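What follows is one structure encoded as structure tokens, with my remarks underneath.
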Amino acid sequence: MTKDHKYFMHRAIDISRKGMESNDGGPFGAVVVKDGKIIAEGNNRVTSSNDPTAHAEVVAIRNACKELNTFQLDGCIIYTSCEPCPMCLGAIYWARPDKMFYACTKEDAARIGFDDDFIYKEINLKIEDRSIPTQQMMNAEGNEVFKSWENKKDKTEY
């Protein structure tokens, strides 16, 4: 049997349901596929792990990178039960998969209490206008490390 996009999306949705029913976290699931095979899965584990970054997509990406022994998911496709929040979208872009599919929209998620719109708005604000007070400090000291990175001969580019 050839597995198609619907098969993998059904799996992501099933994972979201199982994670929610087992009280791991919110109703979100994701799978990473390479060469037509599921490499890794993830469900939301925010509340069960006390980790605000343990969203389904991040968990799946971490598991896939561990499985493939790489920090990039070239040649992979990510299927997620919901349009990614800003953090997950950033993680997906950093992981560099070939494509992403999602089921529910961010508006669907907002209707059940998972509204990320405020984060999208915060990103576009000037730092001094954001809701979490933020202050820069020790720029010169921080840039010393950046200069060392720039000159490092044996660094792994990414």
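Just so you know, these numbers come straight off a predicted model, no measurement behind them. Atoms considered below: every heavy atom in the structure, side chains included; atoms not considered: hydrogens, waters and symmetry mates.
- In K147, the NZ atom is not crowded: 12 or fewer heavy atoms of neighbouring residues, nucleotides or ligands sit closer than 6.0 Å.
- The closest donor-acceptor contact from the side chain of S48 to the backbone of D24 lies under 3.5 Å.
- With D4 contributing its side chain and Y7 its backbone, the two residues share a donor-acceptor pair below 3.5 Å.
- Looking at R45 and D51, their side chains never come closer than 4.5 Å, going by heavy atoms from C-beta outward.
- In this structure, T134 contributes its side chain and R130 its backbone to no donor-acceptor pair below 3.5 Å.
- Contact check on K126 versus D129 returns no salt bridge, with no Lys/Arg side-chain nitrogen under 4.0 Å from an Asp/Glu carboxylate oxygen.
- Residues M87 and V58 meet the side-chain proximity criterion, which asks for heavy atoms closer than 4.5 Å.
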>> Run the side chain to side chain contact (heavy atoms under 4.5 Å, CB included) test on N43 and E41 for me, step by step, so that the C-alpha distance in whole Å, both residues' side-chain angles and the decisive distance to 0.1 Å come before the verdict.
In response: CA-CA 7 Å; N43 63 285; E41 301 177 338; over 6 Å; no
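- Residues F71 make up the rest of the hydrophobic cluster containing Y158, defined by ILVMFWY side-chain heavy atoms closer than 4.5 Å, directly or through other members.
- Sparse packing is recorded around CD1 of I127, with 12 or fewer heavy atoms of other residues, nucleotides or ligands lying under 6.0 Å away.
- Pairing each heavy atom of E122 with each of I132, the nearest pair is OE1-N, 4.4 Å.
- Every residue meeting the side-chain hydrogen bond (donor to acceptor under 3.5 Å, both in side chains) condition with H5, not counting sequence neighbours, appears here in chain and number order: Y79.
- Cluster annotation: M9 is connected to V33 through the hydrophobic network of ILVMFWY side chains, with a link wherever side-chain heavy atoms come within less than 4.5 Å.
- Across A12 and A30, no two heavy atoms sit closer than the pair CB-CA, 4.2 Å.
- Here the shortest heavy-atom pairing between V59 and G42 reads CG1-CA, 3.7 Å.
- Partners of K37 under the side chain to side chain contact (heavy atoms under 4.5 Å, CB included) rule, at least two apart in sequence or in another chain, do not exist in this structure.
- With rounding to the nearest 0.5 Å, the separation of SG in C65 from CD in Q72 is 8.5 Å.
- Cluster partners of W149, using a side-chain heavy-atom cutoff of under 4.5 Å among ILVMFWY residues and allowing indirect links: none.
- L73 has its side chain within reach of V32: a pair of non-hydrogen atoms, C-beta onward, lies under 4.5 Å apart.
- A salt bridge between D117 and K121 is present, with a side-chain N of the basic residue lying under 4.0 Å from a carboxylate O of the acidic one.
- The shortest distance between side-chain heavy atoms of E141 and N143 does not fall below 4.5 Å.
- The backbone N or O of T47 lies less than 3.5 Å from no partner atom in the side chain of S49, so there is not a single donor-acceptor pair.
- For the atom pair N23 CG and E21 CD, the distance stands at 9.5 Å (nearest 0.5 Å).
- For the residue pair R62 / T53, a side-chain donor-acceptor distance below 3.5 Å is found, with atom types taken as modelled.
- Separation of the F8 and F101 ring centroids does not fall under the 6.0 Å cut-off.
- At a threshold of 4.5 Å between non-hydrogen side-chain atoms, the residues I15 and V31 count as touching.
- Shortest non-hydrogen contact noted between G75 and K34 is O-CG, 3.7 Å.
- In this structure, S81 has no side-chain hydrogen bond (donor to acceptor under 3.5 Å, both in side chains) partners at least two apart in sequence or on a different chain.
- To the nearest 0.5 Å, the span separating CZ on F28 from SG on C88 amounts to 9.0 Å.
- To the nearest 0.5 Å, atom CD of residue E144 and atom CZ of residue F146 are 12.0 Å apart.
- In this structure the side chain of P27 never reaches within 4.5 angstrom of the side chain of N44, judged on heavy atoms.
- To the nearest 0.5 Å, atoms CD1 (I119) and CG (D116) are separated by 5.0 Å.
- One distance of note links NE2 of H55 with SG of C85; it measures 5.0 Å at 0.5 Å rounding.
- In the hydrophobic cluster analysis, where Ile, Leu, Val, Met, Phe, Trp and Tyr join through side-chain heavy atoms closer than 4.5 angstrom, L125 is grouped apart from F118.
- Side-chain atoms of K106 and Y120, non-hydrogen and from C-beta on, do get closer than 4.5 Å to each other.
- For the pair P97/I77, no side-chain contact is recorded, criterion being any heavy-atom separation below 4.5 Å from C-beta on.
- Among residues two or more places apart in sequence or in another chain, the side-chain hydrogen bond (donor to acceptor under 3.5 Å, both in side chains) test is passed with T105 by E107, D108.
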